[in-house]
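In what follows, chains carry the letters A, B, and so on, assigned in the order in which the sequence lines appear, proteins first and then strands, with residues in each chain numbered from 1. As the structure is a prediction and not an experimental result, all values here were calculated from the model.
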Amino acid sequence: MATGFLTDTTVCIGCKACEVACKQWNQIPSDGFGLTGNSYDNTGHLSGTTWRHVAFIENPKKRRLTGDVDLVALAEDVTEPLPGGAELDALGRWAFMSDVCKHCVAAPCQQACPTGAIIRNEFDNVYIQPDVCNGCGYCVPACPYGVISQVPHDGRAFKCTLCYDRQKDGMEPACAKACPTDSIQFGDVEDLKRRAEERVRELHEKGYTQAYVWGTPEVGGTGGIGGNHSKFILMDEPETYNLPRHPFLPQEKVKGGVIASAVAATVLGAVVALAFRD
Amino acid sequence: MSEATSESVQQSNGRVETSHHPETDPKRRDKNYYGIPPIKRAHWTWQVPLYFWLGGIGAGTQLFATVAQLLGHKDEALTRVSRYTVLLTMLLSPVLLIWDLGRPERFYNMLRILKLRSPMSTQSWSLFTFGNLGGLIAARQAAEDGLLFGDNVLSRLVIRLIPARLLTVLAMPVGLFVGFNTGNLVSATSVPIWARNWMLMGPTFLASGVSTALSWLSLVLHLGHWGEEKTLRVLHRAEKAVILIEGALIGASLIRMSRWSKPLFSKEVAPLFVGGTLIAGIAAPFALLAGKESRSKSMLASVLALAGGLAFRFAIIAAGRKSADDPEAYFTFASGESAPQPEDKI
Ligand code: SF4
Ligand code: SF4
């Protein structure tokens with residue numbers, strides 16, 4: 001059975017419980033106390049020391065407040081027309097998104113790793129064996145989502161393990177356990193896929209037609225990656241969440257590159273040989 | 001955020017000086033998250049480009065020496081210089097690569113497994129093989145030169161047991177692999193400027209490697225007043241032709257990289273790329289070689305070509321860093337047809 005995450009950004013409240021739970025359970029070193037000045041997000045991005053990251057996106061509305069404003073409806077971001085022609089908007093809304101390793105079906109990081117430190121474990125998760133990694137750092141630029149990095153003072157590369165240890169004991173990952181709104185759901189990938197589709201359908205019915213699933217072979221898990229075991233329900237363009245729309249498996253072209261290079265080598269050899277002719 | 005015009009937002013790469021998300025600027029079209037890079041750049045510092053350069057010299061030297069041997073061109077000085085050159089580059093390369101590791105003491109894990117799809121893995125194996133072959137060949141040379149403590153049992157055994165000419169032929173393809181794989185190593189990543197050029201990166205690195213190797217051989221032979229007249233003439237001709245090929249491949253790469261080649265012409269990288277590679281490393285040596293042959297001119301051309309090759313490696317790595325840090329570059333690259341796709345024929 002393949003396990004994975006479904007992160008439903010529509011119910012995320014930006015409490016960062018997942019970030020904290022992940023840090024605590026996995027005993028990840030601190031990132032320091034930097035203030036980015038960007039919204040309330042002082043973590044910025046995923047890294048070797050941040051395996052869950054909550055993005056804070058401000059969505060200001062363009063229209064001005066007029067007429068009789070229903071503040072409750074405003075806060076709830078109701079999209080239906082209101083009685084008395086009251087206008088909504090102006091306050092805008094927040095979008096939050098708890099990002100994590102995508103646990104790619106064909107994982108670029110795994111294909112890049114020369115030591116075989118990155119494996120697929122029995123839960124079909126992409127896992128870095130810390131006792132094998134020698135910190136070559138080649139997985140870092142290979143990941144199309146900027147998930148992995150080398151941890152300073154340690155030298156090795158780290159990323160989300162999908163709480164391999166907890167899964168072995170039959171528990172769900174720490175972030176999913178801590179999430180108070182069930183924005184992070186853990187389970188069988190096929191199951192999660194169905195749940196995601198259902199939820200998107202529900203959202204469409206409610207009028208949120210912009211909702212869609214990211215991490216499928218059509219969007220987000222593209223270009224030979226074959227989809228992701230961590231899926232997301234998004235309400236805006238992927239780039240808004242710092243996610244690529246159409247990433248690719250970089251190793252797809254290794255063979256082609258070698259063939260082209262072999263041709264070049266032959267040509268160069270011939271040119272050098274010709275230079276010997278007097 | 002009245003002061004934050006769309007230009008200032010663009011220039012600061014999304015980092016506006018207000019608490020608002022850059023999206024609040026209605027004129028801004030490219031979406032990203034506070035300008036934070038969506039992918040992580042390679043950590044490579046000076047060791048890796050320096051290794052690329054040395055590996056290229058080793059590869060090109062092996063190519064020239066093998067071709068000379070196969071064509072029956074006998075020049076002891078050339079044989080000696082090329083064998084020791086390969087040995088030197090193959091001694092330094094692993095040192096640089098191990099230095100670059102986060103956990104250098106675990107370098108041997110590189111040889112735990114062979115993965116044909118990982119250029120880092122094939123790189124380790126080809127270096128290991130090429131280094132050992134080069135080491136054996138150089139040992140035989142050293143024994144012949146009396147460097148193994150004169151004429152003793154050991155050196156006689158080495159001369160008897162090491163079939164240097166056979167090994168030379170075997171080492172050539174491995175050496176060439178080391179030479180071009182440095183290019184494939186950078187292009188098999190998510191970095192737009194590198195990944196976009198997947199087809200020509202290997203050939204360009206190899207051409208540059210051969211060009212630096214020829215320059216190195218000709219420089220050393222000139223310096224020592226070694227080598228036969230014919231060797232120097234051949235080197236001269238080959239240098240000219242290979243520099244031309246290298247220039248053409250770099251040009252074709254730029255066309256292929258199209259809009260993602262911008263970092264190569266940025267303030268920080270342009271001196272290395274335009275000044276160091278294109279002008280000092282290709283145009284100038286070609287002009288020097290094209291004119292009337294002379295020892296000093298040839299030596300100057302060699303020095304320039306060698307420096308240009310080094311500048312090229314550093315420029316490519318520096319440009320990759322900028323390319324990875326630019327959300328706009330990555331998102332435009334990973335948004336549709338631009339990135340390589342499995343179903344692409346080329
Ligand atoms: S998202 Fe990145 S780190 Fe996670 S499995 Fe995919 S390539 Fe590896
Ligand atoms: S840093 Fe570690 S996990 Fe990443 S590619 Fe190198 S050996 Fe593999």
Side-chain angles (χ1 to χ4, degrees), chain A residues 36-39 44-45 55 57-58 60 108 111-116 132-138 140-146 148-150 154-156 223-224 237 239-254 256-258 260-261 264-265 268-269 271-273 275-276, chain B residues 20-21 24 31-34 36-43 63-64 67 71 73 101-103 106-107 109-110 112-113 115 117-121 124 176 180 183-184 187-191 195 198-199 201-203 206-207 210 234 237-238 241-242 245 324 330-331 334-336 339-342:
Chain A
T36 59
N38 296 332
S39 192
H45 49 87
I57 296 136
E58 289 175 57
Q111 300 204 2
C113 178
T115 63
V132 178
C133 170
N134 67 8
C136 74
Y138 195 46
V140 175
C143 173
Y145 314 104
I148 311 187
S149 73
Q150 281 169 283
D154 183 291
R156 289 171 297 174
E237 290 176 60
E239 289 84 2
T240 310
Y241 303 92
N242 229 11
L243 295 172
R245 183 180 305 244
H246 212 80
F248 59 98
L249 181 68
Q251 287 79 13
E252 203 63 71
K253 293 296 173 209
V254 167
V258 170
S261 306
L268 285 166
V271 166
V272 170
F276 276 91
Chain B
H20 287 269
H21 188 269
T24 46
K31 297 209 166 213
N32 64 52
Y33 185 70
Y34 302 108
I36 294 170
I39 52 170
K40 303 265 186 297
R41 63 195 198 188
H43 70 281
L63 174 72
F64 190 78
V67 170
L71 293 180
H73 174 72
L101 294 178
R103 286 288 176 101
R106 289 189 183 173
F107 74 91
N109 278 0
M110 291 288 192
R112 208 182 143 249
I113 183 172
K115 291 166 82 173
R117 270 228 184 180
S118 166
M120 188 66 100
S121 174
S124 309
L176 289 172
F180 63 67
N184 296 334
S187 65
T189 60
S190 287
V191 179
W198 62 266
M199 203 191 335
M201 210 57 129
L206 184 64
V210 174
V234 172
R237 270 200 298 263
V242 174
I245 296 178
Y330 185 59
F331 285 146
S335 68
Q341 299 300 328

Tell me, for [X] versus chain B, whether the close heavy atoms (under 4.5 Å) come from the side chain, the backbone, both or neither.
{"X": "A:Glu237", "value": "side chain"}
{"X": "A:Pro144", "value": "both"}
{"X": "A:Ile148", "value": "backbone"}
{"X": "A:Cys136", "value": "both"}

For [X] and [Y], work out which heavy atoms get closest and say how close.
{"X": "B:Leu176", "Y": "A:Ala265", "answer": "CD1-CB, 4.0 Å"}
{"X": "B:Lys40", "Y": "A:Val140", "answer": "CB-CG1, 3.4 Å"}
{"X": "B:Val191", "Y": "A:Pro141", "answer": "CG2-CB, 4.2 Å"}
{"X": "A:Ala112", "Y": "B:Met120", "answer": "O-CB, 4.3 Å"}
{"X": "A:Val271", "Y": "B:Ala241", "answer": "CG1-CB, 3.6 Å"}
{"X": "A:Arg245", "Y": "B:Ser335", "answer": "CD-O, 4.0 Å"}

Between chain A and each of [options], count heavy-atom pairs under 4.5 Å; write down the option with the most.
{"options": "B:Arg41, B:Met201, B:Lys115", "value": "B:Lys115"}
{"options": "B:Ser118, B:Ala324, B:Ala42", "value": "B:Ser118"}
{"options": "B:Pro203, B:Pro119, B:Ser187, B:Ala195", "value": "B:Pro203"}

State the [atom1]-[atom2] distance between [X] and [Y], to the nearest 0.5 angstrom.
{"X": "A:Cys133", "Y": "B:Arg106", "atom1": "SG", "atom2": "CZ", "answer": "7.0 Å"}
{"X": "A:Gln251", "Y": "B:Thr189", "atom1": "CD", "atom2": "OG1", "answer": "9.0 Å"}
{"X": "B:Tyr330", "Y": "A:Glu239", "atom1": "OH", "atom2": "CD", "answer": "10.5 Å"}

*With chain B, which of A:Ala260, A:Pro244, A:Ala264 has the greatest number of heavy-atom pairs at distances under 4.5 Å?*
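Among A:Ala260, A:Pro244, A:Ala264, the one with the most close pairs to chain B is A:Pro244.
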
*With chain B, which of A:Ala275, A:Ser261, A:Gly155 has the greatest number of heavy-atom pairs at distances under 4.5 Å?*
A:Ser261

With a 4.5 Å limit on heavy-atom distance, are the side chains of [X] and [Y] in contact?
{"X": "B:Val242", "Y": "A:Leu268", "answer": "yes"}
{"X": "A:Asn242", "Y": "B:Phe331", "answer": "yes"}
{"X": "A:Leu243", "Y": "B:Tyr33", "answer": "no"}
{"X": "B:Arg112", "Y": "A:Val132", "answer": "yes"}

*At a heavy-atom separation under 4.5 Å, does B:Ile113 approach chain A through its side chain, its backbone, both, or neither?*
both

*Tell me, side chain or backbone of B:Leu63 under 4.5 Å from chain A's heavy atoms, or both, or neither?*
side chain

*Has the side chain of B:Arg117 got a donor or acceptor atom that lies under 3.5 Å from a matching backbone atom of A:Gln111?*
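Checked: no pair found.
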
*Any donor-acceptor N/O pair, B:Ser190 side chain to A:Ala142 backbone, under 3.5 Å*: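 It does hold such a pair.
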
_Sequence-distant partners of A:Phe276, ring pair (Phe, Tyr, Trp, His ring centres under 6.0 Å), two or more places apart_ =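 Applying ring pair (Phe, Tyr, Trp, His ring centres under 6.0 Å) to A:Phe276 gives B:Phe64, B:His73.
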
